[in-house]
Structures are given as structure tokens and as C-alpha cells.
There are 2 protein chains.
Amino acid sequence: MMADTRGPRDAQPTLRDVAERAEVSAMTVSRVLRDDPKVAPATAARVRTVIAELGYRRNEMARSLRLGSGTGLVGLVVTNLANPFYSRLALGVDSVLAQHGLKSVIGNTGQDLDSERSLVQDLVARRVDGIIAVPADADQRHLAAAAAEGVPVVLASRPPSDFAADCVLVDDYGGARSATERLLAAGHRRIGFLGSPPTVYTSIERLRGYADALADAGIGAEPAYIRQGQQQTGEAARAASELLDLPEPPTALFCSNNRNTIGAFRAIRRAGTTTALAGFDDFELADALGLPLTIVAYDSDELGREAGRLLATRIRDGSVRSATRRTVVPTTLVHYGTSGSTAH
Amino acid sequence: MMADTRGPRDAQPTLRDVAERAEVSAMTVSRVLRDDPKVAPATAARVRTVIAELGYRRNEMARSLRLGSGTGLVGLVVTNLANPFYSRLALGVDSVLAQHGLKSVIGNTGQDLDSERSLVQDLVARRVDGIIAVPADADQRHLAAAAAEGVPVVLASRPPSDFAADCVLVDDYGGARSATERLLAAGHRRIGFLGSPPTVYTSIERLRGYADALADAGIGAEPAYIRQGQQQTGEAARAASELLDLPEPPTALFCSNNRNTIGAFRAIRRAGTTTALAGFDDFELADALGLPLTIVAYDSDELGREAGRLLATRIRDGSVRSATRRTVVPTTLVHYGTSGSTAH
DNA sequence: CTGTTAGCGCGTTCAC
DNA sequence: GTGAACGCGCTAACAG
């Protein structure tokens with residue numbers, strides 16, 4: 001017999017509260033909210049007055065439950081929102097989803113597979129209308145399960161493994177390859193590689209692009225020049241320093257993401273060498289480092305927008321099982337010099 | 001007589017589906033889910049098997065509707081997620097909320113009051129358990145309305161106007177003041193100010209700190225040295241250039257946020273002057289610009305975490321009407337030189 | 001034009 | 001131990 005602890009004005013009013021006060025049935029209020037023309041103007045006006053007086057707001061959750069329609073919520077699972085790349089992606093996703101009346105529930109996994117798993121399960125339990133994810137790992141069984149239960153899944157930046165889903169990728173291979181080719185064209189023969197853990201798809205592809213470019217130039221990839229696993233700029237700087245300290249150090253470095261590029265930049269500046277630098281992912285102030293820098297750039301907003309579009313289409317069409325689509329966002333090679341920049 | 005368009009395996013199974021297949025009542029399944037000990041072990045085992053077979057997941061939305069408990073969702077309203085400041089804030093919020101079993105629904109307003117308004121209304125309609133917002137404007141009636149309806153509101157970075165709410169602020173005044181004092185101590189007498197629009201609280205406070213520091217040094221604030229309204233680095237650079245082109249240009253610039261600091265940096269480098277630079281908000285690579293730089297730094301993650309804590313407390317205690325709390329996050333003055341950095 | 005009945009998926013109360 | 005009834009807030013279908 002616990003008394004209701006909420007004060008009378010604490011609880012948000014329900015449709016019934018409005019109905020009683022307006023002296024009509026709940027149905028009539030419901031119709032007014034739906035702008036159903038079959039309500040007498042006078043009645044509708046009275047109901048609207050009461051709605052305003054009470055500050056009534058329809059409970060969208062209850063509504064979606066009744067309608068069997070979706071919740072209007074989309075899960076967005078990223079590895080690290082603090083990375084500008086992912087925040088831009090999130091922004092792109094959000095901008096497109098907003099146009100479709102969808103809101104994004106964001107979740108940060110910190111590259112941790114367990115977090116990702118429980119996050120996805122929670123999103124499914126909350127009955128999101130779809131999920132956009134940047135999977136942390138090749139183990140994507142939780143995402144596959146969600147997809148199997150009829151929740152549309154779109155992957156960003158990394159492809160699905162062992163299940164079918166739409167995805168938006170970056171031209172990892174091509175971008176890495178052309179950046180490396182540029183270094184080769186500049187006469188470099190000893191080119192180092194710095195990248196994130198080799199379990200990540202993007203890292204694998206970018207390494208492949210790098211290695212193929214070298215191979216085409218008749219240069220075998222030198223394992224001693226390849227350092228993988230650095231996630232933060234600090235680790236990256238250390239790895240770069242190790243390469244620069246080699247008896248026969250590389251004369252150029254290619255970095256598979258902006259964490260590594262920034263780390264490498266710091267190492268080069270400290271070492272005082274003239275090592276050439278190229279990297280994947282653009283970043284702010286890349287033009288202001290006072291070092292020539294070749295960057296593989298791409299539009300991460302667009303990556304998000306495209307993911308949003310793919311998902312919105314799935315949701316609208318309810319086409320859970322139609323053919324899977326894959327989009328690849330192109331890359332551009334940008335050269336930042338010691339003064340200004342030139343797109344290429 | 002429209003047939004159900006969903007295939008049999010499309011829909012997520014309900015508690016009843018589990019009950020039928022396990023040949024028990026819905027109630028028993030419900031009990032198993034709640035780990036109610038009053039279920040025969042054998043029955044429980046059978047139910048659990050079916051749950052696994054069907055991949056059943058409880059509908060959290062329906063559950064929260066029935067329980068009258070919250071939705072477990074929190075609205076997070078920011079002005080620009082692409083700004084690292086806000087993405088870190090979001091991350092901080094999310095990390096704390098996650099510990100309380102809450103998820104954040106994110107919304108980006110792009111500093112647009114109308115978007116903010118509709119966003120907040122939508123969040124309330126979705127029955128979020130609370131809202132954390134970085135309000136775009138002094139007009140916060142929509143937030144006040146939400147609070148009045150019993151939805152806990154916490155403001156970050158800017159204080160509530162015309163209503164009561166918890167908030168987490170940065171020491172805008174003190175930070176700006178000490179940075180300006182530092183420039184004064186270095187001998188500067190003509191110090192320019194670059195800031196965002198004067199409608200924003202943080203901008204007002206930071207200007208005040210700047211002006212008071214000057215006043216204490218017996219220097220009147222010179223209107224010609226004050227440029228407000230720049231939101232992006234491009235505009236900021238132009239404004240800075242205008243100051244540098246003055247017949248008697250300032251010998252130092254203080255910038256009220258990192259957009260303006262970066263813009264000013266570019267202008268100074270282009271002009272080739274030795275203008276001293278100080279700014280609010282730390283940013284990556286601030287140490288690598290090859291220019292002495294004084295930065296008012298603070299922990300934006302912590303700002304988010306504190307906001308999350310305040311909100312979580314409100315939600316847990318249901319203390320919608322207890323006294324309002326205000327936290328101020330301290331700032332630190334950091335000096336980046338042409339080689340390395342020193343905290344101060 | 002308006003109200004009544006029924007039920008979305010779930011959980012509480014109270015019987016058996 | 002288990003189940004039937006009832007209701008959370010809302011709305012489609014069917015009366016009147």
C-alpha cells in the first residue's frame with residue numbers, strides 16, 4: 001500500500017487526463033492529436049485548449065508499442081567518439097536520420113568487443129529500428145544475430161564478416177596505394193609503415209595497398225619497417241622513433257591513420273630528420289606543421305550520411321532480406337607543404 | 001483483412017511465443033526472466049532453453065511502460081558534435097550514464113534554437129529519464145517546460161536562465177582573466193580579443209575576465225581591439241588579420257575558444273608577426289605549432305562526467321524539486337613553447 | 001461525429 | 001509453483 005511518491009504535478013499527463021478535463025472520450029483526444037478531420041471543430045478546439053493547459057505530450061513509446069511501428073530510434077555504435085573521424089561520422093548519420101524522423105542512440109565501445117556485444121543486445125532489446133555500427137572486431141556474431149532477428153544493420157568503415165549487411169567503406173586499399181606510390185615517385189625506396197592492430201579491417205587493407213605499391217616498384221616489403229598495433233599518438237611516436245633509430249632507417253613513413261601520422265610527426269620533429277611523411281585520414285592543422293605531408297583524405301561526414309541513407313532505406317522499405325549493398329567512399333590525395341596546400 | 005507482411009522469422013519473438021513453445025504461461029516466463037526463485041528448476045531450465053532457441057529478448061520499451069519506470073534513455077543535446085570539445089563531453093556523459101544503466105540519445109542542434117526546441121520536445125515525448133543540454137541560446141523556455149513536467153534537466157557549459165536546473169560550468173571568467181594577466185605580465189599593453197557571438201554565456205564571461213584583467217592593470221578595454229562573432233576558424237583568421245593590420249596593432253591576442261585561437265594562429269603566421277597568442281580551450285597539436293602559445297585548458301571529459309553524475313543523482317532520487325546544484329570545473333594555464341610544454 | 005471494445009508486450013496482484 | 005485477470009498509454013476496428 002505504498003503511496004504514490006510523485007507529487008500531482010510531477011507525472012506527465014496522459015491522454016486520459018486530457019479526455020476527462022475536456023469531457024470527451026480518450027478516442028476523441030487521440031483523433032485530435034492525429035488531426036483526424038472527423039472531429040467537430042468545436043470539440044477539437046476544446047481539446048486543444050486542454051492539451052495546452054496541461055502541457056500534454058503524447059507518449060511516443062506507448063504509441064509505437066501500440067502501432068507496432070518502430071520506436072523511431074536507431075542505434076549508433078562507434079569505437080571512439082573522441083576521435084574526430086567518428087564524431088563526424090556520427091554527425092553525418094544524425095543529419096540524415098533526422099530527415100526521416102529518426103533519432104540516434106549513441107554508444108561508445110572503446111574498441112572493446114564485450115562492450116560492443118552488450119551494447120548491441122541492449123539496443124535490440126530497446127527495439128531500435130536499426131543499427132549502424134563500426135565493428136571493433138571480426139567477431140560480429142552479435143550483429144549477425146540482430147540482423148537475423150530482423151533489425152536492419154549497416155556497417156560503416158568495416159565490412160560484415162560471416163553475415164549479410166549493407167556497408168559503407170572507404171577506399172582503404174586505393175588510398176594507401178596511391179599515397180605510397182607518391183612517396184616512391186619522390187624517389188624513396190625505404191618506406192616504413194605504422195598502423196593500428198592488424199585485426200582491424202581498415203588496417204589490413206591499407207597495409208595491402210602499401211605493400212602492393214612497393215611490390216609494383218620491385219621493392220619487397222621489409223618486415224623491420226612495419227610496426228602495427230599503435231592506437232594512440234604516444235605509442236605511435238615511440239614506434240616511429242624505433243624505425244628512425246634503425247641503422248638504415250626508412251627515408252619515408254606511411255601511416256595508416258591519423259593517430260599514427262601525428263605520432264610519427266612528433267618523432268620526426270624530435271629526431272630532426274627530413275623523413276618524408278604520408279598518412280591516412282585528414283586532420284585539423286595538418287597544414288600547419290611546417291613539414292611536407294601527404295594525406296589520404298576522405299569525407300567522413302559523407303561516410304555517415306551514406307550509412308544513414310542505406311539504413312533509412314532499409315527501414316522504410318522493410319526490405320530486410322533484399323540484396324545487400326556496399327558503397328565505397330573515394331579518397332583524395334592532399335599535399336600539405338610548408339606553405340599552404342594543394343589538392344591533387 | 002490485410003495479411004501480415006512480415007515473414008515468420010522477421011518479427012522478434014514475444015514473451016507469449018516463448019510461453020507457448022515451452023508450454024507454460026506467460027507469467028512463468030516473466031518470472032524466469034526476473035530470476036524469480038519461485039519457479040521449479042526444471043520449468044526454468046525448459047523456459048531458458050526456449051529463450052535461447054528463439055533468441056528471445058525482452059522488449060524493454062514495453063517493460064518500462066508497464067513498470068512506469070523510466071525508459072532508461074537520456075537525451076543529450078549539444079550544439080556541434082564535430083567540435084572535439086563536445087564529443088569529449090558526450091563521451092564523459094556516456095561513460096557515467098552507462099554505469100547507471102542509462103543510454104544517451106544524442107541530438108545535434110548546430111547552434112540552432114529551433115532545432116534545439118523541437119529536439120527537446122521530441123525527447124520529452126519519448127519519455128527520456130532526463131536531459132543534458134548545452135543550450136544554444138538564453139531562450140530556454142523549452143528546457144524550462146521539460147523541467148516543469150518533471151524531466152530532470154542538467155545544463156553543461158552554460159547556466160540556466162529563468163528556471164532552476166543543475167549545471168556544470170567551466171571557470172570561464174577566472175581562466176580568461178589569468179591568461180590575460182599572463183600576457184600583461186609578459187609586458188603586453190595592447191591585447192586584442194577574439195570571441196564567439198556575444199550572446200553566448202561563455203563568451204560573455206571570458207570577455208569579462210579579459211576586460212577585468214586589463215582594468216586591474218590600469219588599461220581600458222579598447223573596442224577596436226575586440227572582435228566577436230567568429231564561429232569558424234576562417235572567420236576568426238579574417239578578424240585576426242584585421243586587428244593585425246591596424247595602424248597600431250595589438251602585440252598580443254586572447255581568443256575565447258579554440259576556433260578563434262586556430263584562426264588567429266593562421267593569421268599571425270601569415271602576417272609573419274611575433275604577436276603573442278593565448279586562447280581558451282586546449283586542442284591537439286597546440287604544442288606543435290612552433291609558436292609560443294598560452295592555453296586555458298580544462299577537462300571536458302570531466303565536464304561531461306559531472307553532468308552525468310548530477311543527472312544520474314536526480315534520476316535515482318527522483319528529487320526533481322530539491323535544491324539546484326552548480327559545479328564549476330577549474331581551468332589550468334598551459335604554456336606551449338617552440339619545444340615541449342610546461343603546465344603552470 | 002463520437003464512444004466502446006480490444007489489445008500492442010509486459011508485470012503485478014491475487015487466486016489456485 | 002503456477003496461472004488468470006487487469007492495466008501501463010495509446011489506437012484500429014467497429015459500433016452508434
Side-chain angles (χ1 to χ4, degrees), chain A residues 1-2 4 6 11-47 51 54-72 124-129 149-150, chain B residues 1-4 6 11-48 51 54-72 124-129 149-150:
Chain A
M1 215 211 76
M2 173 126 49
D4 194 331
R6 297 173 311 187
Q12 293 164 263
T14 76
L15 186 146
R16 239 105 109 173
D17 296 332
V18 176
E20 274 180 38
R21 208 160 196 278
E23 296 177 313
V24 292
S25 77
M27 240 359 266
T28 301
V29 179
S30 178
R31 288 193 179 103
V32 171
L33 291 170
R34 266 216 99 217
D35 282 321
D36 190 319
K38 300 190 302 182
V39 180
T43 317
R46 185 154 36 94
V47 171
I51 288 176
L54 261 45
Y56 168 77
R57 227 105 77 175
R58 182 164 60 186
N59 184 331
E60 292 299 332
M61 290 309 183
R63 176 178 158 87
S64 70
L65 175 60
R66 174 64 241 242
L67 290 180
S69 65
T71 50
V124 174
R126 285 207 152 84
R127 297 302 191 264
V128 292
D129 292 349
E149 285 175 42
Chain B
M1 218 210 74
M2 172 126 48
D4 193 11
R6 296 173 312 187
Q12 294 163 261
T14 77
L15 187 144
R16 240 106 105 172
D17 297 332
V18 176
E20 274 179 38
R21 208 160 197 278
E23 296 176 315
V24 292
S25 78
M27 253 347 286
T28 302
V29 180
S30 178
R31 286 192 179 104
V32 172
L33 291 170
R34 263 222 103 214
D35 280 321
D36 190 320
K38 299 191 301 184
V39 180
T43 318
R46 185 155 33 95
V47 170
R48 273 188 241 278
I51 287 177
L54 261 46
Y56 169 78
R57 228 104 79 174
R58 182 162 61 185
N59 184 331
E60 290 299 333
M61 290 310 182
R63 176 178 158 88
S64 71
L65 176 61
R66 172 65 242 236
L67 289 179
S69 67
T71 50
V124 174
R126 286 205 152 85
R127 296 305 190 266
V128 291
D129 292 349
E149 286 173 42

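The shown structure was predicted, so the numbers you read here are calculated from the model rather than taken from an experiment. Here is how names work: the chains are called A, B, and so on, in the same order as the sequence lines, proteins then strands, and each is numbered from 1.
Considering only side-chain N and O atoms, R63(A) lies nowhere under 4.0 angstrom from the phosphate OP1 or OP2 of dG9(D). Taking side-chain N and O atoms only, T43(B) has a distance below 4.0 Å to OP1 or OP2 of dT2(D). Remark: Y56(B) is in phosphate contact with dC10(C), judged by side-chain N or O atoms under 4.0 Å from OP1 or OP2. The phosphate of dG11(C) (OP1 or OP2) has a side-chain N or O of R58(B) nearer than 4.0 angstrom.
At a non-hydrogen distance threshold of 4.0 Å, V24(A), S25(A), M27(A), T28(A) from residues 23-30 of chain A come into contact with DNA chain C.
Considering only heavy atoms from C-beta on, K38(A) stays 4.5 Å or farther from R31(A) through its side chain. Contact check for V29(A) versus V24(A): side-chain heavy atoms found under the 4.5 Å cut-off. At a threshold of 4.5 Å between non-hydrogen side-chain atoms, the residues R127(A) and L65(A) do not count as touching.
At whole-Å resolution of the value, CZ in R57(B) and C1' in dG9(C) are 16 Å apart. Following rounding to the nearest Å, R31(B) (CZ) and dG3(D) (C1') show an atom-to-atom distance of 8 Å. Following rounding to the nearest Å, R34(A) (CZ) and dG9(D) (C1') show an atom-to-atom distance of 16 Å. Here dG9(D) presents its P atom at 14 Å from CG of L54(A), a figure rounded to the nearest Å. When the C1' atom of dG9(C) is taken as reference, atom CE of M61(A) falls 15 Å away, rounded to whole Å. What separates CD of E60(B) from C1' of dG11(C) is a distance of 12 Å, to the nearest Å. In this structure, K38(B) atom NZ and dG11(C) atom P are separated by 15 Å, rounded to whole Å. Atom CG in N59(B) sits roughly 15 Å away from atom C1' in dG7(C) (whole-Å rounding).
When the nearest nucleotides of DNA chain D are assigned to A44(B) and L15(A) by heavy-atom distance, the more 5′-ward of the two goes with A44(B). A residue-by-residue look at P41(A) and R127(A) shows that P41(A) has its nearest nucleotide of DNA chain C further toward the 5' end.
Residues A26(A) and R16(A) approach most closely at CB-CD, 4.4 Å, considering heavy atoms. Looking at every heavy atom in both residues, V128(A) comes nearest to T71(A) through CA-OG1, 3.7 Å. The minimum heavy-atom distance between Y56(B) and L15(B), with the atom names listed, is CE1-N, 3.4 Å.
A salt bridge between R57(A) and D17(A) is absent, with no side-chain N of the basic residue lying under 4.0 Å from a carboxylate O of the acidic one.
Taking R21(B) as the reference, E53(B) meet the salt bridge (charged side-chain N to carboxylate O under 4.0 Å, His left out) condition, with sequence neighbours excluded.
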List, with names and distances, any nitrogen or oxygen atoms from the protein found under 3.5 Å away from nitrogen or oxygen atoms belonging to nucleotides 6-8 of chain D.
{"unit_1": "dG7(D)", "atom_1": "N2", "unit_2": "R66(B)", "atom_2": "NE", "d": "3.3"}
{"unit_1": "dG7(D)", "atom_1": "N2", "unit_2": "R66(B)", "atom_2": "NH1", "d": "2.9"}
{"unit_1": "dG7(D)", "atom_1": "N3", "unit_2": "R66(B)", "atom_2": "NH1", "d": "3.3"}
{"unit_1": "dC8(D)", "atom_1": "OP2", "unit_2": "R16(A)", "atom_2": "NH2", "d": "3.4"}
{"unit_1": "dC8(D)", "atom_1": "O2", "unit_2": "R66(B)", "atom_2": "N", "d": "3.3"}

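One finds the CD atom of E60(A) at 9.0 Å from the CG atom of L67(A) (value rounded to the nearest 0.5 Å).
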